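Keep in mind the model is a prediction, meaning the values are calculated, not measured. Throughout, protein chains are lettered first and strands after them, A, B, ... in sequence-line order, and every chain is numbered starting at 1.
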2 protein chains.
Amino acid sequence: MKAFYGDLKLGILGGGQLGRMLIQQAINYNVTVKVLDPDREAPCRKLCDEFVVGSLSDYETVYNFGKKADMVTIEIEKVNVDALEQLEKEGVLVYPQPRIIRLIQDKGLQKQFFKENNIPTAPFQVISSPKQLAESHIPFPYIQKLRRDGYDGRGVYKVIDESYLKNAFTEPSLIEEWIDFEKEIGIIVARNENGEVKTFPLVEMEFNPQANLVEFLISPSTLPFEIQQDAAQIATKIAEDLNIVGLLAVEMFLDKHGKILVNELAPRPHNSGHQSIEGNVVSQFEQHLRAIFNQPLGDTACLNNAIMINVLGEAGYEGPAIYQGIEKVLDCAGVYIHLYGKALTKPFRKMGHVTIVDADREKAIEKARFVQKTLKVIA
Amino acid sequence: MKAFYGDLKLGILGGGQLGRMLIQQAINYNVTVKVLDPDREAPCRKLCDEFVVGSLSDYETVYNFGKKADMVTIEIEKVNVDALEQLEKEGVLVYPQPRIIRLIQDKGLQKQFFKENNIPTAPFQVISSPKQLAESHIPFPYIQKLRRDGYDGRGVYKVIDESYLKNAFTEPSLIEEWIDFEKEIGIIVARNENGEVKTFPLVEMEFNPQANLVEFLISPSTLPFEIQQDAAQIATKIAEDLNIVGLLAVEMFLDKHGKILVNELAPRPHNSGHQSIEGNVVSQFEQHLRAIFNQPLGDTACLNNAIMINVLGEAGYEGPAIYQGIEKVLDCAGVYIHLYGKALTKPFRKMGHVTIVDADREKAIEKARFVQKTLKVIA
């Protein structure tokens with residue numbers, strides 16, 4: 001393999017904020033980066049060696065893009081996997097491996113994988129028609145999820161009783177028992193080609209129910225050690241069962257009985273790991289680079305309590321973004337602003353994030369609430 | 001003033017590693033960055049919104065570059081100040097202010113400034129001819145420094161006795177009493193337009209005498225509190241006497257009697273502040289951005305012991321750079337590699353730096369020695 005510092009050309013599928021933060025880290029290693037994204041205004045457009053505008057779902061586009069790279073990685077799962085498989089056959093390194101992207105693209109296959117590998121997850125049924133949905137054996141209420149292309153809360157529908165069936169998705173879907181969970185938790189794990197596996201400490205999440213997005217994330221979790229250990233073991237097992245090379249974000253529910261159920265996987269840097277930039281010895285972005293380049297994985301220990309807040313476009317505003325309150329936020333110690341370079345805001349669009357670091361957890365929470373009240377994106 | 005996140009266009013004079021790390025930080029604020037550098041392969045070339053190849057000393061080039069920016073800053077002092085003064089007159093924000101760059105460009109004026117403002121510095125004399133040098137009142141041995149364009153040890157000559165005079169510089173110069181110093185120390189201070197001033201904790205340096213470059217830097221200093229306080233007071237006084245807007249690196253000697261003498265100033269991010277990226281709550285690059293954009297200055301507290309090592313081109317090698325030992329270095333926890341994107345190495349060229357962070361100072365030093373032995377840049 002070519003050395004990753006200087007002579008290796010890395011292609012990233014997707015030019016959003018995850019790619020942007022990955023490039024910000026890759027600068028430290030002289031990595032030559034090219035990016036493919038359909039949006040000519042994508043956050044990565046100015047930061048890479050080459051920016052290609054094109055469809056991530058088109059076979060020819062993805063193939064031609066990858067053919068001129070030594071290695072291809074993703075920052076979004078919705079990419080043409082056939083092209084990636086062909087590239088892999090022709091000797092391009094593709095991490096995560098195309099078979100894993102294919103599995104994770106389809107929530108049905110993902111759940112089957114959990115079941116086959118004894119990974120705890122909510123009871124489910126794969127649904128291919130409205131008729132099958134009506135006859136399902138999962139009791140109300142349940143969650144219907146499109147098998148493909150759901151993202152940030154889109155493609156998810158709660159079926160409370162029979163009356164909700166008329167508005168249910170008719171496309172291939174998955175239904176899952178409604179988990180009245182105690183907490184949403186997440187763990188990020190990395191594996192390199194040598195088989196080294198490392199987990200980041202467990203984090204706890206709070207969702208904004210209106211936007212259906214992670215809004216407030218606390219690292220590290222203060223849940224009992226056994227739960228943290230369980231979560232780390234589950235994440236490690238999944239990474240090893242998949243033989244993944246790269247980063248894997250494992251989203252989990254903790255139910256009212258202290259049992260962990262795996263919700264979803266993302267084989268890439270993830271929103272639930274942004275706090276690692278300032279909060280951990282290495283960040284998720286550094287770890288992803290180390291994993292795909294088969295370098296020793298970094299120390300994932302927490303340096304401090306860290307809270308991550310997504311900076312979302314304010315409801316009711318659409319257009320060129322105006323940021324309010326930045327100066328007040330910068331006046332707090334240990335507060336780190338990350339804007340994503342998006343010119344246009346719209347309601348609940350992820351425009352950036354803020355990480356708040358403090359040795360005192362309660363103070364960190366207090367500061368996070370202040371940031372949340374103070375920093376607004378309007379138009 | 002336009003908001004610095006998004007709608008302000010920042011021009012940076014110089015596209016080297018300091019500019020590169022400044023951009024890496026500016027990404028977090030959506031700053032639109034353009035860079036001017038004579039080298040089309042400069043480290044910033046791929047990371048900015050616009051990269052202009054041109055001379056930093058040419059009036060027209062600097063003027064035309066700056067005219068299309070809202071604000072101009074520098075990452076190197078050797079720039080055309082006449083152009084910057086004209087830009088300032090025409091309403092472009094230029095930070096640091098041109099008059100300060102002019103003062104610091106000339107080591108003679110810089111020393112006069114120290115003298116006029118009662119800033120402790122080694123006794124000196126400004127020299128304009130070989131005759132004046134021969135008649136100087138400074139006793140041997142002394143140091144002769146070119147008034148202009150010295151950089152990284154170039155333009156400095158030690159005059160041990162009369163026999164050395166024949167090889168002395170004939171250009172306008174400055175001679176300084178030879179200080180048999182105990183330690184070289186440095187402090188970085190920032191001031192914003194509101195007049196807020198903050199110093200970073202004092203650092204101690206070790207030079208490579210062969211390369212005449214900082215090679216090993218330890219943060220924070222463990223010198224007695226009074227010395228740290230003196231140094232911070234001197235740096236603050238200089239920033240206030242200059243009314244600088246931006247970052248100011250103050251290089252100092254600590255003599256054998258515990259007295260601090262100011263050596264030189266640099267009105268920009270500086271090699272002696274690189275460890276702040278991982279070692280302090282905010283980095284020098286973040287602080288420079290906050291200062292020039294008149295934002296609240298960040299908390300400069302140390303997070304940990306941090307040691308910075310310059311990664312220099314190995315003696316005897318010139319050509320396309322090959323990095324040896326990266327994998328072994330990445331295997332140490334708390335070790336951060338920063339490469340500067342320079343394709344070609346030559347002896348003692350600054351190719352990157354490594355920061356080593358550890359709660360145990362002795363362990364940090366041990367790791368730093370390992371990194372120094374292990375990481376080599378050859379061709």
Side-chain angles (χ1 to χ4, degrees), chain A residues 3-7 20-21 23-25 27-33 43 45-50 277-278 281-282 286 289-290 293-301 303-304 320-324 326-343 351-353 357 359, chain B residues 3-7 20-21 23-25 27-33 43 45-50 277-278 281-282 286 289-290 293-301 303-304 320-324 326-343 351-353 357 359:
Chain A
F4 73 96
Y5 31 90
D7 47 344
R20 185 174 164 99
M21 290 185 272
I23 292 173
Q24 226 176 345
Q25 196 58 37
I27 291 170
N28 291 341
Y29 295 107
N30 294 353
V31 185
T32 302
V33 175
R45 69 192 178 282
K46 296 287 189 174
L47 303 176
C48 49
D49 293 72
E50 194 189 343
I277 297 173
E278 292 91 5
V281 178
V282 297
E286 167 82 20
L289 291 174
R290 288 176 181 237
F293 291 125
N294 202 22
Q295 295 294 307
L297 297 179
D299 181 359
T300 59
L303 294 167
N304 226 325
I322 297 168
Y323 297 86
Q324 289 186 329
I326 289 213
E327 193 165 339
K328 282 180 194 150
V329 167
L330 288 178
D331 213 11
C332 298
V335 174
Y336 301 90
I337 296 177
H338 297 256
L339 302 181
Y340 296 159
K342 298 177 184 177
M351 301 300 287
H353 77 264
V357 161
Chain B
F4 73 96
Y5 29 91
D7 48 344
R20 185 174 163 101
M21 290 184 271
I23 292 172
Q24 225 176 346
Q25 196 57 36
I27 291 170
N28 291 341
Y29 295 107
N30 294 352
V31 184
T32 301
V33 175
R45 68 192 180 282
K46 297 286 189 175
L47 303 175
C48 48
D49 293 72
E50 194 190 341
I277 298 173
E278 292 90 7
V281 178
V282 296
E286 167 82 20
L289 292 173
R290 288 176 180 236
F293 292 125
N294 203 22
Q295 296 294 307
L297 297 180
D299 181 358
T300 59
L303 295 166
N304 226 326
I322 297 168
Y323 297 86
Q324 289 187 328
I326 290 212
E327 192 165 340
K328 283 181 193 150
V329 167
L330 288 177
D331 212 11
C332 298
V335 174
Y336 301 90
I337 295 176
H338 296 257
L339 302 181
Y340 297 158
K342 298 177 183 176
M351 301 299 288
H353 77 264
V357 160

- Note on the structure: When the 4.5 angstrom heavy-atom criterion is applied to A:Glu286 and chain B, the contacting part is side chain

- Note on the structure: The interface call for A:Val31 against chain B, heavy-atom contacts under 4.5 Å, is neither

- Relative to chain A, which of B:Ile322, B:Val33, B:Val281 shows the most heavy atom pairs under 4.5 Å? B:Val281

- Name the region of B:Asn28, side chain, backbone, both or neither, that has any atom closer than 4.5 Å to a heavy atom of chain A. both

- Item | Main-chain N/O of B:Gln295 paired to A:Glu327 side chain as donor or acceptor, under 3.5 Å | no

- Task: List in chain and number order the residues that pass side chain to side chain donor-acceptor pair (under 3.5 Å) with A:Tyr336, two or more places apart in sequence or in another chain; answer none if no residue qualifies.
- Result: none

- Query: How are the rings of B:His338 and B:His353 set relative to one another: parallel (under 30°), tilted (30 to 60°) or perpendicular (over 60°)?
  - Reply: parallel

- Of all heavy-atom pairs between B:Tyr323 and A:Asn30, which one has the smallest distance, and what is that distance? OH-ND2, 3.6 Å

- Task: Only counting residues at least two apart or in another chain, list the ones meeting salt bridge (Lys or Arg N to Asp or Glu O under 4.0 Å) with A:Arg20.
- Result: none

- Task: Could you tell me which portion of B:Val357 (side chain, backbone, both or neither) has an atom closer than 4.5 angstrom to a non-hydrogen atom of chain A?
- Result: neither

- Query: In terms of heavy-atom pairs under 4.5 Å with chain B, which of A:Leu330, A:Asp331, A:Leu47, A:Leu297 leads?
  - Reply: A:Leu330

- Out of B:Cys48, B:Ala333, B:Gly341, B:Ala343, which one racks up the most heavy-atom pairs below 4.5 Å with chain A? B:Gly341

- Enter the distance from A:Tyr29:OH to B:Ile326:CD1 here, rounded to the nearest 0.5 Å. 7.5 Å

